[in-house]
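Contents: one structure, followed by commentary.
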There are 2 protein chains.
Amino acid sequence: MEGRTPMKDDDVIGVEVLQDLDPDSPVSRYRQIADQLAAAVLDRRPGARLPSEYEILNRLGVSRATATQALRDLEQRGLVTRRQGKGTFVADPDRAIRSNRPGVLPSFSEDLRAAGRTTRERVIALEIASAPADVAAALGIGKGDDVWSLERIIVSDDQPVVHLTSWLSCATVPALSRSAVEATSLYEQLSQIEGSRPCSADEQWSAAVAPPTTATVLDVGRNAPVMRVVRTAYLHDERPVEYAIAYVRGETFAVSIHIDAHQHRSRLLASLTKAAG
Amino acid sequence: MEGRTPMKDDDVIGVEVLQDLDPDSPVSRYRQIADQLAAAVLDRRPGARLPSEYEILNRLGVSRATATQALRDLEQRGLVTRRQGKGTFVADPDRAIRSNRPGVLPSFSEDLRAAGRTTRERVIALEIASAPADVAAALGIGKGDDVWSLERIIVSDDQPVVHLTSWLSCATVPALSRSAVEATSLYEQLSQIEGSRPCSADEQWSAAVAPPTTATVLDVGRNAPVMRVVRTAYLHDERPVEYAIAYVRGETFAVSIHIDAHQHRSRLLASLTKAAG
DNA sequence: GAGTGGTCTAGACCACAGC
DNA sequence: CTGTGGTCTAGACCACTCT
């Protein structure tokens with residue numbers, strides 16, 4: 001329809017951004033719509049308006065339920081907010097969910113790049129070791145079994161920010177090379193080994209003092225506060241594939257959480273961001 | 001089958017738990033179904049099976065979309081996981097979302113109680129002060145404007161765990177009494193003042209060393225690591241109502257995050273839990 | 001093959017916001 | 001009033017899992 005209230009072009013994402021759907025795509029229709037809109041959202045300022053459900057269904061010839069599902073998908077990713085009677089609008093980027101790439105787990109490097117920082121990874125050591133008790137328990141293998149032990153530093157904007165050690169069962173991940181990890185990333189390498197792509201992860205973030213070696217590597221004082229992150233990553237069938245302990249410079253980064261009780265539902269997003277103060 | 005929890009035949013939530021819906025209720029049908037199932041889920045062990053969509057629609061006479069929406073609602077709260085071809089199952093409680101109570105923001109006390117600990121709140125000071133710059137900026141008021149300053153300690157299992165200071169604009173919250181806050185909770189009090197119920201919040205968790213007064217109050221050493229939490233709580237119309245800075249004993253509690261890339265979607269839950277190690 | 005959830009259609013009525 | 005999202009119906013086809 002023509003004749004909308006005069007508004008800056010900047011504040012509206014028109015239906016024109018939507019290309020016809022690919023009927024042969026394995027990707028569902030609502031997902032194709034959502035992905036197109038997600039790309040458009042990135043350029044826009046918070047508060048910009050998205051096409052309404054009816055505009056989408058008229059443009060693409062889908063049912064309303066499909067248009068609704070596309071917009072709800074974006075809402076769940078934290079990219080937009082929806083208001084009854086008003087419309088769908090670009091959300092505050094601080095409140096976006098960590099990874100928007102489907103099926104891919106966010107890594108520390110990704111978090112940092114999402115925060116607008118450069119990243120570089122350096123492998124300190126990659127070797128086969130025998131699993132300590134805590135590692136064996138987390139990976140569901142026997143104590144003393146062979147595991148890859150991978151120690152890395154993530155350097156961001158020329159400052160060492162994360163010191164992390166990962167353990168992976170040699171039974172699950174037969175081969176791993178230092179050059180490949182340095183060239184791409186650990187998760188990238190795992191994705192290329194059939195069936196060893198991590199699909200979910202549990203992380204625990206707590207405050208701690210930097211252990212001596214970490215303090216040296218991160219170039220902080222002996223009793224410096226750090227975020228201690230314990231991560232277990234799982235395969236599609238819930239078998240653990242990676243157990244990692246990371247230390248993040250405490251004064252530099254924080255976990256941001258947004259809690260939303262609108263609409264009688266608690267929603268919760270998180271991202272690694274610059275710490276306040 | 002491998003799965004982290006073995007399953008018995010009797011780990012089934014039958015359709016019998018579902019009572020007929022109240023057609024006069026202002027609560028939507030899918031929400032009534034979800035709430036009934038949520039109550040049933042609490043008693044069950046992870047892995048227990050929920051009624052299928054078809055069992056629900058046959059039992060209650062709703063359409064399949066409504067049954068689907070109920071189960072998807074539970075999935076978004078982190079209470080269940082759904083698997084194509086298999087069914088819907090009770091999720092690991094560690095992966096549940098922080099607050100399951102609709103429309104209510106989780107507080108530190110709630111987090112601790114959810115972790116199975118007792119809590120007690122003690123008000124150290126409640127007074128009207130003039131807003132410092134950072135508080136004024138967060139609350140969207142002028143520097144020096146009148147604000148409530150509320151300093152509290154949360155004691156859990158006879159140990160001081162959280163030291164927090166909240167600031168609230170006197171313009172938004174005209175009255176506040178020490179006894180009322182001690183008897184219930186700050187958020188409970190705010191809920192009873194028309195229009196001052198917090199609906200959403202941003203939190204930032206970072207690692208820090210305990211400031212001197214906090215170290216004394218929490219009974220930790222001078223350079224002890226703590227979680228520094230900065231929270232801004234918002235009303236329904238997005239106006240800020242509370243700005244708070246809290247310090248949580250670092251070695252005791254952690255933020256747990258679960259990232260799920262199943263089904264081409266990143267999902268993210270968080271809860272305050274006991275720290276590992 | 002039977003049962004499950006994933007997706008989709010083509011309608012419908014409602015509550016809410018803004019004019 | 002119109003336009004928005006919230007909810008709902010009564011179907012449908014599909015992909016996946018298990019037997």
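Because the structure is a prediction, the values reported are computed rather than measured. Just so it is clear: chains get the letters A, B, ... in the order the sequence lines come, proteins before strands, and each one is counted from 1.
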Just the atom pairs and distances: protein N or O near nucleotides 13-17 of chain C's N or O, under 3.5 Å.
{"from": "C/dA15", "atom 1": "N3", "to": "A/Gln84", "atom 2": "NE2", "distance (Å)": "3.2"}

Could you tell me how far apart [X] ([atom1]) and [N] ([atom2]) are, to the nearest whole angstrom?
{"X": "B/Ile56", "N": "D/dC8", "atom1": "CD1", "atom2": "C1'", "result": "16 Å"}
{"X": "B/Leu57", "N": "C/dG3", "atom1": "CG", "atom2": "C1'", "result": "13 Å"}
{"X": "A/Arg83", "N": "C/dG18", "atom1": "CZ", "atom2": "C1'", "result": "15 Å"}
{"X": "A/Arg31", "N": "D/dA15", "atom1": "CZ", "atom2": "P", "result": "19 Å"}
{"X": "A/Arg49", "N": "D/dG5", "atom1": "CZ", "atom2": "P", "result": "7 Å"}
{"X": "A/Leu50", "N": "D/dG3", "atom1": "CG", "atom2": "C1'", "result": "16 Å"}

Can you tell me if [X] touches the phosphate of [N], counting only side-chain N or O atoms and a distance under 4.0 Å to OP1 or OP2?
{"X": "B/Tyr30", "N": "D/dT7", "result": "yes"}
{"X": "B/Ser63", "N": "D/dC8", "result": "no"}
{"X": "B/Thr68", "N": "C/dG5", "result": "no"}

Mind grabbing the angle between the end helix axes of the helix from C/dG1-D/dC18 to C/dG18-D/dC1? Five pairs an end, 10° rounding. 10°
Sequence neighbours left out, what passes side chain to side chain contact (heavy atoms under 4.5 Å, CB included) with B/Asp146? Give chain and number order. B/Ile128, B/Cys170
Heavy-atom pair of closest approach, residues A/Arg231 and A/Glu203: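 Result for this residue pair: NH2-OE2, 2.7 Å.
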Decide yes or no on side-chain contact (heavy atoms from CB on, under 4.5 Å) for A/Asp202 and B/Asp92, but give the supporting numbers first. CA-CA 11 Å; A/Asp202 286 315; B/Asp92 185 337; 5.8 Å; no
Do you know which of A/Trp167, A/Trp148, A/Tyr187 makes side-chain hydrogen bond (donor to acceptor under 3.5 Å, both in side chains) with A/Glu242?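 Only one of A/Trp167, A/Trp148, A/Tyr187 forms a side-chain hydrogen bond (donor to acceptor under 3.5 Å, both in side chains) with A/Glu242, namely A/Tyr187.
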So which one's nearest nucleotide on DNA chain D is more toward 5', A/Thr88 or B/Ser28? A/Thr88
